Amino acid sequence: MKRKWISAFQLWTAGYAVLTVVSSIAQLCNGMATDTNINILARALACLVPIVAYHLFGFGTQRKRSKGFLMLVLHYILSLGCAWLLVYLAGLLQQNARTAYWDMLISFTVAYAVIAAIIAFSNRRARRERRKDA
C-alpha cells in the first residue's frame, strides 16, 4: 500500500512537470509571458485526477491487448473531461483565455502520452523480469 502511494505521488509530480512545461511553451508561443496561480493549481489537479482514476479503477492491470487499449481510451477521455471541468471551474473564478480548452487539450494530450508510454514501458519491463524469475 505504501509503495502504491509513493508510485502515485511520483506519477503526479512527473505529470505535473511535463504538463507545466508543455503549457508554458504553448503560452510563450501564444505571446503570454505570465501565468496565474489559479492556472498552476488547475494543472496540478489536472495531473492528479488521472492518477487517482488509474489507481482506483485499476486501469494499469494486465489485460488483453484490445481491452487494454479500450481502457486506455476510456481513461484518457474521463481524465480529459475532468481537466476541462477544472478549466471551466477556474473560469468561474477568473476569465479564461480564448484558447483555454484548446491549450488544455494539447498540453494534456502530450503529457498523457508521455506518462502513458513510461507506464507501459515500465509495466512491460516488470512483466519480462517476472518471466525470467519464474
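The model shown is predicted, which means the values in this text are computed figures rather than measured ones.
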Q. Can you get from Y76 to L70 by hopping between Ile, Leu, Val, Met, Phe, Trp and Tyr side chains that sit under 4.5 Å apart?
A. no
(Q) Working to the nearest 0.5 angstrom, can you tell me the gap between H75 NE2 and L80 CG? (A) 11.5 Å
Q. So, does N96 use its side chain to make a donor-acceptor pair with the main chain of Y88 at under 3.5 Å?
A. no
Q: Verify the cluster assignment for M104 and W102: are they in a single hydrophobic cluster under the rule of side-chain heavy atoms below 4.5 Å apart?
A: yes
Q: Could you tell me whether the side chains of D103 and S107 share a donor-acceptor contact shorter than 3.5 Å?
A: no
Q | Value rounded to 0.5 Å, distance of CH2 in W84 from CZ in F108 | A | 10.0 Å
Q) What's the spacing between S79 OG and L74 CG if we round to 0.5 Å? A) 9.0 Å
(Q) Taking F121 as the starting point, is it possible to reach M71 by hopping between hydrophobic residues whose side chains are less than 4.5 Å apart? (A) no
Q) Could you state the interatomic distance from OG1 (T99) to CD1 (I106), rounded to the nearest 0.5 Å? A) 8.5 Å
**Q.** Spacing of Y112 atom OH and L105 atom CG [to the nearest 0.5 Å]
**A.** 13.5 Å
